[in-house]
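Okay, structure first, notes after.
The figures here come from the full heavy-atom set of this structure, side chains too, leaving out hydrogens, waters and symmetry mates. The structure displayed is predicted, hence computed values, not measured ones.
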Amino acid sequence: MKKVLGVVACAAVATSMVMGANAEDLIKVGFAQVGHESDWRTASTKSAQEVFSEENGYDLQFVDCDNDSAAQLEAVRGFIEQDVDYIIIDPIVATGWDTVLTECEDAGIPVVVIDRTIDDSDKYVSWVGSNFLTEGKACGEWLKEYAAAKGMDEVNVLVIEGTNGSSAQIGRTDGFKEVADAEGWTILDSQDGDFTQAGGQEVMESYCKSYEGQFNVVICQNDNEAFGAMDAMKAAGVSYGPEGDVVLVSFDGNKPAMESLLAGDLTAVFECNPLAAPTVEAVLQQLQAGETPEKETYMVEGWFANEDVVSSITIDGEEQPVTQMTDEVLANRAY
């Protein structure tokens with residue numbers, strides 16, 4: 001996992017958040033963001049812009065890399081040229097990072113990685129994010145208990161994956177498949193929806209034609225893909241949710257998805273907390289003080305369901321609660 005704090009002009013969208021303060025007194029931070037493909041990503045960006053503001057003592061250079069890996073590498077190199085103090089990276093894909101991280105190291109710029117992980121280099125100070133493998137296992141363990149409670153004789157699954165090669169896609173896929181294989185479920189198909197609503201709809205439209213009447217579970221690896229899947233199933237006359245023919249599940253848990261969960265469109269949601277920026281700021285403050293931060297920090301997350309059918313699940317020997325979505329729970333959501 002890596003540490004990322006960097007921003008550069010990628011696709012001409014780099015913007016300085018400094019407005020009139022003495023720039024020499026501010027901590028210069030570059031943030032190379034994945035893009036703007038989902039509600040989760042919007043919440044992540046907003047959190048960073050709020051935390052790393054001029055009012056809080058930062059000069060934030062922000063680059064939306066629009067899901068372009070080459071542009072993201074260019075953005076990081078731009079941060080090096082700008083001689084920022086720290087670089088933050090949310091890596092689009094998990095590999096191809098060692099060379100540019102070596103360049104950051106040689107320039108003496110600490111890197112903090114957030115959200116997704118980097119698998120081919122350890123030249124970052126700290127990583128802050130989610131355990132995607134655990135999220136995938138949680139989905140599988142919940143479905144195991146739910147299917148038993150509902151008397152589902154067969155579990156025939158369609159998966160709409162996230163961006164191929166991203167650590168979120170890899171972890172959620174592998175974690176769910178581990179449980180599915182152990183339970184003998186049939187995964188009819190698994191295709192890339194690129195973490196977008198349009199991608200989720202396109203894949204689900206194809207599924208509805210190719211697997212008509214054959215599936216009873218759809219796993220979407222983020223909320224926006226689930227919204228697209230809903231549109232496709234509505235158009236195809238397929239019912240979903242706790243009262244429908246298809247169990248529909250998503251990951252992330254932004255407020256619109258939680259509203260859909262409460263409304264009975266989604267059956268379960270597995271949270272991925274986007275508000276990493278305050279934790280990243282704590283890492284930077286440790287570095288400012290000459291201290292050594294933890295190499296990995298996991299965000300606090302939970303599992304949510306429409307019905308009070310499964311109250312807890314066990315993941316790697318640890319019992320974890322499943323929260324029933326209510327008006328009160330929804331009202332207390334921060335994003």
All heavy atoms of Ala276 vs all of Val128, minimum pair found to be CB-CG1, 4.0 Å

May I ask you to decide if Gly317's main-chain N or O and Thr314's side chain share a donor-acceptor pair within less than 3.5 Å?
-> no

Which residue, Asn67, Thr45, Asp64, Thr196, forms the side chain to side chain donor-acceptor pair (under 3.5 Å) with His36?
-> Asp64

May I have the step-by-step check of side-chain contact (heavy atoms from CB on, under 4.5 Å) for Phe52 and Val280, ending in yes or no?
-> CA-CA 10 Å; Phe52 298 110; Val280 174; 3.8 Å; yes

Above 12 or not: heavy atoms from other molecules or residues under 6.0 Å from CD of Glu212?
-> no

Distance only, no hydrogens: is a donor on one side chain within 3.5 Å (strictly under) of an acceptor on the other, for Thr95 and Asp119?
-> no

Counting distance only, does the side-chain N/O of Glu296 pair as donor-acceptor with the main-chain N or O of Trp127 below 3.5 Å?
-> no

Cluster overlap Ile109 with Leu73, hydrophobic side-chain contacts below 4.5 Å = yes

d(Asn156 CG, Gln214 CD) to nearest 0.5 Å is 8.0 Å

For the pair Leu330 and Met325, evaluate side-chain contact (heavy atoms from CB on, under 4.5 Å) and give the outcome as yes or no after the intermediate values.
-> CA-CA 7 Å; Leu330 180 62; Met325 182 53 59; 3.9 Å; yes

Distance-only side-chain donor-acceptor flag, Tyr211 / Asp189, under 3.5 Å = yes

Near Glu294 CD, under 6.0 Å, is it more than 12 heavy atoms from other residues, nucleotides or ligands?
-> no

May I ask whether Leu275 and Val51 are part of the same hydrophobic cluster, defined by side-chain heavy atoms of I, L, V, M, F, W, Y residues being less than 4.5 angstrom apart, directly or through others?
-> no

Is there a donor-acceptor pair closer than 3.5 Å between any side-chain N or O of Ser44 and the backbone N or O of Trp40?
-> no

Hydrophobic cluster identity match, Val203 and Phe215, side-chain contacts under 4.5 Å | yes

Is a side-chain donor or acceptor of Asp265 paired with a backbone partner of Leu261 at a separation under 3.5 angstrom?
-> no

Distance (rounded to the nearest 0.5 Å) between Ile219 CD1 and Phe251 CZ = 6.5 Å

Can you name the nearest heavy-atom pair linking Met152 to Val217, along with the distance?
-> CE-CG2, 4.0 Å

Does Arg172 count as lying over the ring of Phe176, i.e. NZ or CZ under 6.0 Å from the six-ring centre, within 45 degrees of the axis?
-> no

Contact check, side chains of Pro110 and Tyr86, non-hydrogen atoms, under 4.5 Å | yes

What's the spacing between Glu318 CD and Ile315 CD1 if we round to 0.5 Å?
-> 7.5 Å

Between Ser250 and Val269, is there a donor-acceptor pair closer than 3.5 Å when you use the side chain of the first and the backbone of the second?
-> no

CG of Leu143 to CD of Glu183: how many Å apart, nearest 0.5 Å?
-> 9.0 Å

Side-chain donor or acceptor of Asn224 paired with backbone N/O of Asp39 under 3.5 Å = yes

Here the pair of heavy atoms bringing Gln286 nearest to Thr292 is NE2-O, 4.1 Å

Salt bridge or not for Arg41 and Asp90, using N-O below 4.0 Å?
-> yes

Trace of the salt bridge (Lys or Arg N to Asp or Glu O under 4.0 Å) decision for Lys144 with Glu141 = CA-CA 5 Å; Lys144 178 176 71 176; Glu141 293 294 343; 2.9 Å; yes

Tyr298 side chain reached by Thr134 side chain, heavy atoms, under 4.5 Å | no

With a 3.5 Å cut-off and no angle check, do the side chains of Glu161 and Gln221 form a donor-acceptor pair?
-> no

Lys28 vs Asp83, salt bridge (Lys or Arg N to Asp or Glu O under 4.0 Å): CA-CA, chis, key distance, verdict | CA-CA 8 Å; Lys28 298 178 182 178; Asp83 194 26; over 6 Å; no

Tell me whether Leu262 is reachable from Met258 by hopping between hydrophobic residues (I, L, V, M, F, W, Y) whose side-chain heavy atoms are closer than 4.5 Å.
-> yes

So with a 6.0 Å cut-off around CD of Glu291, is the heavy-atom count from everything else above 12?
-> yes

Is there a side-chain contact between Thr267 and Tyr146 (heavy atoms, below 4.5 Å)?
-> yes

Interatomic distance, Ser126 atom OG to Leu287 atom CG [nearest 0.5 angstrom] = 8.0 Å

How far apart are the C-alpha atoms of Ser312 and Gln320, what are their side-chain angles, what is the distance that settles it, and do they pass the side-chain contact (heavy atoms from CB on, under 4.5 Å) test?
-> CA-CA 5 Å; Ser312 66; Gln320 299 183 13; over 6 Å; no

Would you indicate whether Glu259, at its atom CD, is surrounded by more than 12 heavy atoms from other residues, nucleotides or ligands within a distance under 6.0 Å?
-> yes

Exam field: side chain Asp59 to backbone Leu26, donor-acceptor pair closer than 3.5 Å = no

Of all heavy-atom pairs linking Leu284 and Val29, the shortest is CD1-CG2, 4.0 Å

Is a donor on one side and an acceptor on the other found under 3.5 Å between the side chain of Asn131 and the backbone of Leu133?
-> yes

So, Thr163 and Asp194: side-chain donor and acceptor under 3.5 Å apart, yes or no?
-> yes

Can Leu266 be reached from Val155 by stepping across I, L, V, M, F, W or Y side chains whose heavy atoms are under 4.5 Å apart?
-> no

Would you kindly say whether Tyr58 and Glu281 are connected by a side-chain donor-acceptor distance under 3.5 Å?
-> yes

Least distance between heavy atoms, Cys220 atom then Ala229 atom | SG-CB, 4.0 Å

More than 12 heavy atoms from other groups under 6.0 Å of NZ on Lys46 | no

Side-chain (Asn222) to main-chain (Glu225) donor-acceptor, under 3.5 angstrom | yes

Glu243 atom CD, over 12 foreign heavy atoms within 6.0 Å = no

Flag the pair Val249 / Trp142 as yes when at least one side-chain heavy-atom distance between them is below 4.5 Å, and no otherwise.
-> yes

So do Asp115 and Met299 actually touch side chain to side chain, heavy atoms under 4.5 Å?
-> no

Step by step, work out the side-chain contact (heavy atoms from CB on, under 4.5 Å) result for Trp303 and Val310.
-> CA-CA 11 Å; Trp303 326 126; Val310 179; over 6 Å; no

Phe304 to Glu271 - nearest heavy-atom pair and separation = CE1-OE1, 3.8 Å

Before giving the answer on side-chain hydrogen bond (donor to acceptor under 3.5 Å, both in side chains), spell out for Gln201 and Glu205 the whole-Å C-alpha distance, their side-chain angles and the decisive distance to 0.1 Å.
-> CA-CA 6 Å; Gln201 181 171 351; Glu205 287 172 348; 3.1 Å; yes

Ignoring hydrogens and angles, tell me if any N or O in the side chain of Gln72 forms a donor-acceptor pair with the backbone of Ala32 under 3.5 Å.
-> yes

Do the non-hydrogen side-chain atoms of Ser311 and Val322 ever get within less than 4.5 Å of each other?
-> no

Going by heavy atoms in the side chains, are Tyr207 and Glu202 under 4.5 Å from each other?
-> no

Heavy-atom distance under 4.5 Å between the side chains of Ile160 and Gln191, does that happen here?
-> no

CD/Glu135 to CZ/Phe270 distance, rounded to the nearest 0.5 angstrom?
-> 10.0 Å

